[in-house]
Amino acid sequence: QVQLVESGGGLVQAGGSLRLSCAASGRTFSGYAMGWFRQAPGKEREFVAAISRSGDSISYVDSVKGRFTISRDNAKNTVYLQMNTLKPEDTAVYYCAARNYPGVAYTSAFYLYWGQGTQVTVSS
């Protein structure tokens, strides 16, 4: 069992930055690949970014490439999502997720554990 708690969301103007954190507890964090997903009102949950267990494989959805950076600190049992140059269309609830396989995955069904989400609102 892994418990995930996101933090760092908030209200920011377009062009601004936020850093989301996801703290994990329970089983060994380094044994899990991690992902970030988001869900805007009236839309399905979508993949944002993922990082492999070792951190040597990273993937992003095209809409955030060059603006968002995912990273992990296994010593702190934490995964981060640095979000720069935010746009109103980035507004959503952001969720972190863990999967007990080494590689990245782009589909929510491949993730076993989920956090409660943190709201990110970008004003124009």
What are the two closest heavy atoms between [X] and [Y], and how far apart are they?
X	Y	value
Glu6	Gly117	OE1-N, 2.9 Å
Ala92	Gln119	O-NE2, 3.5 Å
Asn74	Ser30	ND2-CB, 3.6 Å
Gly8	Leu18	O-CD2, 3.8 Å
Pro102	Ser52	O-CB, 3.2 Å
Ser59	Val104	CB-CG2, 4.5 Å

How long is the gap from [atom1] on [X] to [atom2] on [Y], to the nearest 0.5 Å?
X	Y	atom1	atom2	result
Arg72	Asn77	CZ	CG	9.0 Å
Leu20	Thr78	CG	OG1	12.5 Å
Met34	Ser71	CE	OG	11.5 Å
Gln116	Gln3	CD	CD	12.0 Å
Leu4	Tyr111	CG	OH	11.5 Å

Side-chain heavy atoms nearer than 4.5 Å, only ILVMFWY residues, links allowed to pass through others: does that put [X] and [Y] together?
X	Y	answer
Leu11	Val120	no
Val48	Val5	no
Val79	Ile58	yes
Val61	Tyr80	no
Ile51	Tyr101	no

Side chain to side chain, [X] and [Y], heavy atoms closer than 4.5 Å:
X	Y	value
Lys76	Phe29	no
Phe68	Trp36	no
Val12	Met83	no

* Asked: Out of Phe47, Phe37, Tyr60, which residue meets the side chain to side chain contact (heavy atoms under 4.5 Å, CB included) rule with Tyr106?
  -> Phe47
* Asked: Do other residues, nucleotides or ligands put more than 12 heavy atoms under 6.0 Å from the CZ atom of Phe110?
  -> no
* To do: Please assess Leu112 against Arg99 for the test side chain to side chain contact (heavy atoms under 4.5 Å, CB included), listing each intermediate value before the final yes or no.
  => CA-CA 5 Å; Leu112 187 59; Arg99 65 190 302 261; 5.7 Å; no
* Hey, is Lys87 close enough to Asp90 for a salt bridge, meaning N to O under 4.0 Å? -> no
* Would you check, one step at a time, whether the test side-chain hydrogen bond (donor to acceptor under 3.5 Å, both in side chains) holds for Arg38 with Tyr94? => CA-CA 4 Å; Arg38 65 187 180 187; Tyr94 283 71; 2.9 Å; yes
